[in-house]
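For reference, positions follow the sequence shown, starting with 1. Owing to the predicted nature of the structure, the values given are computational and were not obtained by experimental measurement.
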Amino acid sequence: MAAVDSFHFLLGEVSRSCSGYFEALALVGAVYTASRAAVLLRGCCGLVRVHFLPRMIPGKKLSQRYGDWAVVYGASDAVAKAYAEELARQGISIIFVSQDHTALRDVAASLAQSCGVETIVVVVDVALGQAAGKDVKDVLRGRDVGFLVNCVDQSASPQSLVEVSEQALLELVNRNVAAATLMTRLVLPGMVERGRGAVVNISSGACCRPSPGRVTLAASTGYLDHFSRALHLEYGCKGIFVQSLIPFEVASKGQPATAGGWLVPKPEVYAYHAISTLGVSHRTTGYWPHTLQYELIRWIPEWIWVLGSHQFKLRARFPSLH
């Protein structure tokens, strides 16, 4: 009995001597919890501000805010094509710039007929260097170009760097890096002169975290993302709105609408949501479920991300094994 009383006495003494530490730890825990709650609240407010309010409170027409024409590079990609179609539905005439006019001739004709806008297809081979921009300059002359949309080519299947041929690597850099930079250089002077315009660079969520088998895609999307952010700092004060769109998976042509659920939207659904963020956010996924994915990825430890990326690479290369 005496031993028990001694234990309770000792425990009481320890508790009294450590009470100050316990209170300090409780205060630290409360501050940390409050900070996490504040971050969560700020994220929720940002989600509503970027993705919901612009569609609930419509503003001026896009042509009044930026201009009557849009230059779209990379419209052979489903997302860029859908983005161009959404612009056309809002009365914006489209100049398609591509290395292959056959892929866009029918799209241009269809938009001109269904939306009542003008469409032009310009063939540009970036490998020609400075001469590649001559035709684009001729088309831009005398037109109120208010939009430039560049889109990364994501069609390549997952491959390690040494599996990509040197020629394919140079072509990829030309398509995803050189062409987007050149198009911006060609279109930007007119926007600066008019004091308004919007540059939208559509890259990919691949720029958020490095992935094995996606070295070239991660690098080119990362370039376009940082290029956009730097361009905003340089020309935002001159009336040019620069936006970096970093979408995650978007349904491909022929893929069932329910294959990925609401996390994998159709291109036209994604484009509708993405255009509503124009003028609101300089860097966004463009689609609120993708924003939730982005925030989740930021909290995933890198080793878990790399492990999942390896599994994705195996499934992509050997689908019959799964």
Report summary line: With sequence neighbours left out, the residues meeting ring pair (Phe, Tyr, Trp, His ring centres under 6.0 Å) with Tyr223 are Phe227
Report task. Find out if a path of hydrophobic residues (ILVMFWY) with successive side-chain heavy-atom gaps under 4.5 Å connects Val280 to Tyr83. Result -> no
Report task. Could you grab the distance from atom CE of Met183 to atom CG of Asn150, nearest 0.5 Å is fine? Result -> 7.0 Å
Query - With sequence neighbours excluded, residues passing salt bridge (charged side-chain N to carboxylate O under 4.0 Å, His left out) with Asp135 - result: none
Report summary line: In short, Cys115 meets Ala88 closest at the heavy-atom pair CB-O, 3.6 Å
Report summary line: The salt bridge (charged side-chain N to carboxylate O under 4.0 Å, His left out) partners of Arg185 (sequence neighbours excluded) come to none
Query raised in the report: Which pairs pass salt bridge (Lys or Arg N to Asp or Glu O under 4.0 Å) with one or both residues in residues 104-122, sequence neighbours excluded?
Result: none
Requested in this report: Output the distance between atom CG (Leu111) and atom OG1 (Thr119), rounded to the nearest 0.5 Å.
Outcome: 6.5 Å
Query raised in the report: Do Ser220 and Val173 come close enough that some side-chain heavy atom pair is under 4.5 Å?
Result: no
Report task. For the pair Ser203 (side chain) and Leu245 (backbone), establish whether a donor and an acceptor sit closer than 3.5 Å, ignoring hydrogens and angles. Result -> yes
Query raised in the report: How many angstroms lie between atom CZ of Arg175 and atom OG of Ser98, to the nearest 0.5 angstrom?
Result: 10.5 Å
**Report entry** Pairwise side-chain contact, Ser204 with Val152, heavy-atom cut-off 4.5 Å (strictly under)
**Finding:** no
Query raised in the report: So, does His290 use its side chain to make a donor-acceptor pair with the main chain of Pro247 at under 3.5 Å?
Result: no
Query raised in the report: Do you know which two heavy atoms are closest between Pro265 and Tyr270, and how far apart they sit?
Result: CG-CB, 4.1 Å
**Report entry** Check: Ser35 side chain, Tyr32 main-chain N or O, donor-acceptor pair, under 3.5 Å
**Finding:** yes
Query raised in the report: So, for Arg196 and Tyr66, which heavy atoms are closest and what is the spacing to 0.1 Å?
Result: NE-O, 3.2 Å
Show me the donor-acceptor pairs within less than 3.5 Å that the side chains of residues 236-244 make with the rest of the protein, sequence neighbours left out.
{"unit_1": "Gln243", "atom_1": "NE2", "unit_2": "Thr277", "atom_2": "O", "d": "3.3"}
{"unit_1": "Gln243", "atom_1": "NE2", "unit_2": "Thr277", "atom_2": "OG1", "d": "3.0"}
{"unit_1": "Gln243", "atom_1": "NE2", "unit_2": "Ser281", "atom_2": "O", "d": "3.0"}
{"unit_1": "Ser244", "atom_1": "OG", "unit_2": "Asp225", "atom_2": "OD1", "d": "2.6"}

**Report entry** Residue list, ring pair (Phe, Tyr, Trp, His ring centres under 6.0 Å) with His226, at least two apart or on another chain
**Finding:** none
Report summary line: Taken in chain and number order and not counting sequence neighbours, the residues that satisfy salt bridge (charged side-chain N to carboxylate O under 4.0 Å, His left out) with Glu234 are none
Report summary line: With sequence neighbours left out, the residues meeting side-chain hydrogen bond (donor to acceptor under 3.5 Å, both in side chains) with Gln64 are none
Requested in this report: If a pair satisfies salt bridge (Lys or Arg N to Asp or Glu O under 4.0 Å) and one of its residues is in residues 84-94, list it, with sequence neighbours excluded.
Outcome: Glu86-Arg89
Query - Hphob cluster co-occupancy, Leu47 + Leu263, side-chain heavy atoms under 4.5 angstrom - result: yes
Requested in this report: Check whether Tyr235 and Val187 end up in the same hydrophobic cluster, where Ile, Leu, Val, Met, Phe, Trp and Tyr are linked by side-chain heavy atoms less than 4.5 Å apart.
Outcome: yes
Requested in this report: Could you check if a side-chain atom of Thr285 sits within less than 4.5 angstrom of a side-chain atom of His51, using non-hydrogen atoms only?
Outcome: yes
Query raised in the report: Could you state the interatomic distance from CZ (Phe96) to NZ (Lys81), rounded to the nearest 0.5 Å?
Result: 9.0 Å
Query raised in the report: Going by heavy atoms in the side chains, are Leu87 and Ile275 under 4.5 Å from each other?
Result: yes
Query raised in the report: Looking at NE2 of His282 and OG of Ser228, how far apart are the two atoms once the value is rounded to the nearest 0.5 Å?
Result: 11.5 Å
Query raised in the report: Only one of Val97, Val71, Ile94, Val139 forms a side chain to side chain contact (heavy atoms under 4.5 Å, CB included) with Ile120, so which one is it?
Result: Val139
Report summary line: Quick note, salt bridge (Lys or Arg N to Asp or Glu O under 4.0 Å) partners involving residues 289-300, not counting sequence neighbours, are Glu295-Arg298
Report task. Give the cluster check for Tyr294 versus Val39: same hydrophobic cluster or not, with ILVMFWY residues linked at side-chain heavy-atom distances below 4.5 Å. Result -> no
Query raised in the report: For the hydrophobic clusters of this structure (ILVMFWY residues joined by side-chain heavy atoms under 4.5 Å, transitively), does one cluster hold both Val145 and Val117?
Result: no
Query raised in the report: Hey, what do you get for CZ (Phe147) to OG (Ser93), rounding to the nearest 0.5 Å?
Result: 11.0 Å
**Report entry** Smallest separation among heavy atoms of Val124 and Gln99, with atom names
**Finding:** O-CG, 3.0 Å
Query raised in the report: How close do Thr181 and Val177 get, heavy atom to heavy atom, and via which atoms?
Result: OG1-O, 2.8 Å
Query - Sub-4.5 Å side-chain heavy-atom contact between Ile246 and Thr221 - result: no
Query - Close side-chain approach of Tyr73 and Leu182, heavy atoms under 4.5 Å - result: no
Query raised in the report: Given side chains that start at C-beta, do those of Leu140 and Arg143 come closer than 4.5 Å, heavy atoms only?
Result: no
**Report entry** Pairs satisfying salt bridge (Lys or Arg N to Asp or Glu O under 4.0 Å), at least one member in residues 39-64, at least two apart
**Finding:** none
Query raised in the report: How far apart are the closest heavy atoms of Asp144 and Gly67, and which atoms are they?
Result: OD2-CA, 3.6 Å
Requested in this report: Please lay out, stage by stage, how Val50 and Thr291 fare under the test side-chain contact (heavy atoms from CB on, under 4.5 Å).
Outcome: CA-CA 10 Å; Val50 173; Thr291 297; over 6 Å; no
Report task. Start with the C-alpha distance between Asn176 and Asp153, add both sets of side-chain angles, then the distance that settles side-chain hydrogen bond (donor to acceptor under 3.5 Å, both in side chains), and finish with yes or no. Result -> CA-CA 6 Å; Asn176 289 348; Asp153 180 9; 5.8 Å; no
Report task. Using the test ring pair (Phe, Tyr, Trp, His ring centres under 6.0 Å), find all partners of Phe52 that sit at least two apart in sequence or belong to another chain. Result -> Trp288
Report task. Check whether any side-chain heavy atom of Lys137 sits under 4.5 Å from a side-chain heavy atom of Leu186, and report yes or no. Result -> yes
